[in-house]
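To keep things clear, I will list the structure first and then write my remarks on it.
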Amino acid sequence: MKLLPKLGRRVVTEPGEVALHARNVRFDWSKTAPVWMKDEPVASHVLNALSMLLPEGERMFLVTFGEALELVKDEKLREAMIGFIGQESMHAESHNGALEEVLTAHGIDVEPYVRQTEYIFRKTLGPRDDLTTEAARQQHLVERLGFIATLEHFFAFLGDWILNADLERFDTDPQMLDLFRWHGAEEVEHRMVAHDVAEYFSVGYVRRCALMLVVFPIFIALLVRGTKYLAHQDPNLPNHRYPMLILRIFAAMWRGALPGIPSLLYSALTVFKPAYTPEPVGSSAQAIAYLAQSPAARMMAS
Ligand SMILES: [Fe+2]
Ligand SMILES: [Fe+2]
């Protein structure tokens, strides 16, 4: 049993394998502004950009796992995949709700960016009708499963970061913080699933490393582009050109309002270890402890 000195001074133990299930959540967005960390407008835009990317990305996960599920004979893995699908579905809809009720409700046009993410995730990474042989379809599925495992590494990293980051000191809206922490905690909780599926479908070491080399810069580029798109619509950020915006993002990282690039890069590089697993990326005990007291999850549980 591994001891984890997290959660302040409390010492918690890892719970071992946990059965995954989706938690119903509800958020009240009536008092939330788009700049939800008042002292950190650029960091708010970066995380809002993540909210614009996530729903389509996670819907692609659902479609792909739905396809893969038919081919999985291992009952334990199937159960984990079904739990994963339930959780990702709730994540996509909850972030979509935040987009509509916080960003769109405050006059921010998210549609052009969201349409682009739809194109990327549905056309480029979705199922393809033009593949005529079973072998080609299988190959395409395996590549998409490898891609999902790579993204899930980032999501577990980000989940672990947001569970531990002291964001309250930036005058932060508690609803939006709970959205990201609830989501982050479930990402930590289910961090092994996409990796186990990738192993089951023999994604393999070379493809895992190649996917990380491709996905890391694309993920960062899409996030920065989304941030610029939102900063462009923020009248309080007159200079939103890339050099100034990137400097502001680095400054927010320095203040701890965003995860730092060195730690993200270090985490990404761990996939190059032949014996890599996402197990050390966060603590299940900490994630489950957060989920037990997440206001949005408790509201629906009561
Ligand atoms: Fe998710
Ligand atoms: Fe996930």
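Read the numbers this way: they start at 1 and go in the same order the structure lists the ligands and their atoms. Throughout, numbering of the chain's residues begins at 1 and tracks the sequence. Because the structure is predicted, anything quoted here is derived from the model rather than measured.
No more than 12 heavy-atom neighbours from other residues, nucleotides or ligands sit within 6.0 angstrom of CD on Glu70. Around the CZ atom of Arg225, the shell of radius 6.0 Å holds no more than 12 heavy atoms that belong to other residues, nucleotides or ligands.
Phe170 does not carry Lys38 over the face of its six-membered ring by the limits of under 6.0 Å from the centre and within 45° of the normal.
Taking 4.0 Å as the cut-off between side-chain N and carboxylate O, Arg207 and Glu199 do not count as a salt-bridged pair.
Nearby protein atoms of type N, O or S around the Fe ion (ligand 1) amount to 5 (distance under 2.8 Å).
Tested against Leu54, the residues Glu88, His183, Arg59 include a single side chain to side chain contact (heavy atoms under 4.5 Å, CB included) partner, His183.
A continuous path of Ile, Leu, Val, Met, Phe, Trp and Tyr side chains, each step under 4.5 Å between heavy atoms, connects Val206 with Val142, placing both in one hydrophobic cluster.
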